[in-house]
Enquirer: 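Here it is, the structure in full.
Residues: numbered from 1 along the sequence shown.
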Amino acid sequence: MTLIHFAFSSAFLLGLTGLALHRTHLLSALLCLEGMMLSLFIALSLWTLQLNTTNFSASPMLLLAFSACEASAGLALLVATARTHGTDRLQSLNLLQC
């Protein structure tokens, strides 16, 4: 495993660990998801550059577009949660109570 592969794998695993273990605020969960998506984007971009093919050149841009949609939906959810509940703490959110 090269140093570049190790760096992107560790960045993805750090985001996954942060998402799994440090779930106190919705904003921190969204930031962990964004870190995971950016590490996947960079890894997919470098993978297409190493293959020297144009068949997969649209895949990183498609992933980046989905990542932008996920970020905007997450921020809208964060604003709606902060307006209705007054905080973004995940412990105060109850899915059974609408």
Enquirer: Search all heavy atoms of Cys32 against all heavy atoms of Gly18 and return the closest pair with its distance.
Expert: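 Answer, listing the atom of Cys32 first, then Gly18: SG-C, 3.6 Å.
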
Enquirer: Strictly distance-based, threshold 3.5 Å: is any side-chain N or O of Ser10 a donor or acceptor partner for the main-chain N or O of Phe6?
Expert: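 Answer holds: yes.
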
Enquirer: Between CD1 of Ile42 and CD1 of Ile4, what distance do you get to the nearest 0.5 Å?
Expert: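 Nearest 0.5 Å value for the CD1-CD1 distance: 11.0 Å.
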
Enquirer: Hydrophobic clustering (ILVMFWY, side-chain heavy atoms < 4.5 Å, transitive) - are Leu51 and Leu49 grouped together?
Expert: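 Shared cluster, yes.
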
Enquirer: Do you know which two heavy atoms are closest between Leu40 and Leu63, and how far apart they sit?
Expert: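 Distance-wise, the nearest heavy atoms are C-CD2, 3.8 Å.
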
Enquirer: Establish, from distance only, whether the side-chain atoms of His25 and Ser28 form a donor-acceptor pair under 3.5 Å.
Expert: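 Checked: His25/Ser28 side chains show no N/O donor-acceptor pair below 3.5 Å.
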
Enquirer: Please give me the minimum heavy-atom distance between Leu78 and Leu27, naming the atom from each residue.
Expert: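 It is CD2-CD1, 3.8 Å.
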
Enquirer: Working to the nearest 0.5 angstrom, can you tell me the gap between His22 NE2 and Thr17 OG1?
Expert: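 Going from the NE2 atom of His22 to the OG1 atom of Thr17 covers 12.5 Å.
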
Enquirer: Roughly how far apart are Phe66 CZ and Phe41 CZ, rounded to 0.5 Å?
Expert: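 So the gap between those two atoms works out to 14.0 Å.
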
Enquirer: Hydrophobic clusters here meaning ILVMFWY residues chained together by side-chain heavy-atom distances under 4.5 Å, can you tell me if Leu77 and Val79 are in one?
Expert: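 No, it is not one cluster - the side chains of Leu77 and Val79 are not joined through contacts under 4.5 Å.
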
Enquirer: With clusters defined by side-chain heavy atoms of hydrophobic residues (ILVMFWY) lying less than 4.5 Å apart, directly or transitively, does Leu46 cluster with Leu38?
Expert: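 No, because Leu38 and Leu46 fall into different hydrophobic clusters, even though each may have its own neighbours under 4.5 Å.
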
Enquirer: Measuring from Met36:CE to Leu19:CG, what's the distance to the nearest 0.5 Å?
Expert: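 Interatomic distance, Met36 CE to Leu19 CG, rounded to 0.5 Å: 6.0 Å.
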
Enquirer: In terms of hydrophobic clusters joined by side-chain contacts under 4.5 Å, are Leu14 and Leu33 together?
Expert: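 No, Leu14 does not connect to Leu33 through the hydrophobic network.
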
Enquirer: How close do Ser67 and Met37 get, counting heavy atoms only, and between which atoms?
Expert: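 Nearest heavy atoms, Ser67 then Met37: OG-CB, 3.6 Å.
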
Enquirer: If you round to the nearest 0.5 Å, how far is NE2 of His85 from CG of Leu26?
Expert: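 Output value for this atom pair is 11.0 Å.
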
Enquirer: Can you tell me how far apart CE (Met61) and OG1 (Thr48) are? Round to the nearest 0.5 Å.
Expert: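 Result: 11.0 Å between the selected atoms.
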
